[in-house]
Amino acid sequence: MTSQTSTAPLAGRVAVVTGASSGIGEATAEHLASLGAKVAVLARREERLAELVSRIAENGGTALAIAADVTDVQAVRAAADRVKSDLGGADLLFNNAGVMLPAPIEELAVDQWQHQIDLNVTGLMNVIGAFVPQLVQAAAERGVGDLINTSSIAAQSLFPNFAVYAATKAYVTHLSRHLRVELGPKNVRVSAIEPGIVGTELQDHVTDPGALDWLSGAKETMEWLTAEDIAHTIGFIASQPARVNFQQVTIMPTGQPS
């Protein structure tokens, strides 16, 4: 295994973060870099990635920006090739790109259904398909690899008008459990992170009035989690000894009941 220190527990590791141009992905990329990992950041917004890489470099870290849409399988495979050639291959993947578009099912918002499925399920699988070979190889050589997928408390709890989003996140959680069975014997740890409400751009894409009212009310009645809260959780998971695998982590605002 790569030598680690208490100040840089991820020294020598190579992390890939999708959905890295804002929110949880952006915060996690910065945090993993601060823990010593080299970080490849993937998202569609090239300018935002460039700013992120500059900030990481200013703070003494190493980062590589790759503009790619995770729903484009060829672009994701090309990104994986670039991580392999430039950074030596990933041993930590934070599969985080996603979108939330709640609406009553009777509105038949078919385009929104498809967008959520394309990004939250198909995009997730594109990234897994591209990077799992690198994780397996790294784990064989260095003793540990990490695949961490962003799910949601919606995978467990019931929220009116969130049916399609919640179903995509239930897919993420259940898939993660199955992949852990396959990859655990190869020293690749698999984790699903299930946050409650986190203040990110995710809410900015919501168009349903009922969901917007609910989110607005929730913001007044409780303090939401921050992207940095999730970032620190990811860093904690990845910094554990190789024998320790947090299979599923539910992280909630203290004031959110379910």
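All residue numbers in this chain count up from 1 along the given sequence.
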Inset, instruction - For a side-chain contact (heavy atoms from CB on, under 4.5 Å) with N95, tell me which candidate from I128, V172, I148, I193 qualifies. - result: I128

Inset, instruction - Indicate yes or no: at least one non-hydrogen side-chain atom of T71 is less than 4.5 angstrom from one of L119. - result: yes

Inset, instruction - Under the side-chain contact (heavy atoms from CB on, under 4.5 Å) rule, what do D208 and N161 come out as? Steps first, then yes or no, please. - result: CA-CA 9 Å; D208 177 64; N161 304 333; 4.0 Å; yes

Legend entry - Side chains of L93 and L135 in contact at under 4.5 Å (non-hydrogen atoms): yes

Inset, instruction - Keeping the roles fixed (side chain from R189, backbone from G184), state whether a donor-acceptor pair exists under 3.5 Å. - result: no

Inset, instruction - Check the side chains of S191 and R180 for a donor-acceptor pair under 3.5 angstrom, ignoring hydrogens and angles. - result: no

Legend entry - Exercise: do S216 and D213 side chains pair donor with acceptor under 3.5 Å: no

Legend entry - Stepwise side-chain contact (heavy atoms from CB on, under 4.5 Å) test for L10 and L32: CA-CA 7 Å; L10 300 183; L32 296 178; 3.6 Å; yes

Inset, instruction - Report yes if some heavy atom in the side chain of Q156 is under 4.5 Å from a heavy atom in the side chain of T250; otherwise report no. - result: yes

Inset, instruction - Please check if the distance between the ring centroids of F159 and Y165 is under 6.0 Å. - result: no

Inset, instruction - Would you list the pairs meeting salt bridge (charged side-chain N to carboxylate O under 4.0 Å, His left out) in which at least one residue belongs to residues 53-64, sequence neighbours left out? - result: E26-R55, E30-R55

Inset, instruction - Classify the side-chain pair Q112/Q116 by whether it contains a donor and acceptor separated by less than 3.5 Å. - result: no

Legend entry - Pair D118-Q114, side-chain donor/acceptor within less than 3.5 Å: yes

Inset, instruction - Mark yes when over 12 heavy atoms from residues, nucleotides or ligands other than Q247 sit less than 6.0 Å from its CD; otherwise mark no. - result: yes

Inset, instruction - Look at atom NZ of K169 and say whether more than 12 heavy atoms of other residues, nucleotides or ligands are closer to it than 6.0 Å. - result: yes

Legend entry - Non-neighbouring partners of N126 that pass side-chain hydrogen bond (donor to acceptor under 3.5 Å, both in side chains), sequence neighbours left out: none

Inset, instruction - I would like to know whether L64 and V39 meet side-chain contact (heavy atoms from CB on, under 4.5 Å); could you show each step before the answer? - result: CA-CA 6 Å; L64 170 68; V39 183; over 6 Å; no

Inset, instruction - Would you check if K38 and R13 make a side-chain contact, meaning some heavy-atom pair closer than 4.5 Å? - result: no

Legend entry - Side-chain heavy atoms of L175 within contact of L124, under 4.5 Å: yes

Legend entry - S157 side-chain N/O to A154 backbone N/O, donor-acceptor pair under 3.5 Å: no

Legend entry - Residues Q137 and K84: side-chain donor-acceptor under 3.5 angstrom: yes

Legend entry - Modelled atom types, side-chain donor and acceptor of R48 and S21, under 3.5 Å: no

Legend entry - Non-hydrogen side-chain atoms of F131 and V83 separated by less than 4.5 Å: yes

Inset, instruction - Examine V73 and M125 and state if one hydrophobic cluster contains both, with Ile, Leu, Val, Met, Phe, Trp and Tyr joined whenever side-chain heavy atoms are less than 4.5 Å apart. - result: no

Inset, instruction - State, yes or no, whether a side-chain contact exists between V41 and I66 at a heavy-atom distance under 4.5 Å. - result: no

Inset, instruction - Report yes or no: do N96 and T18 form a side-chain donor-acceptor pair below 3.5 Å? - result: no

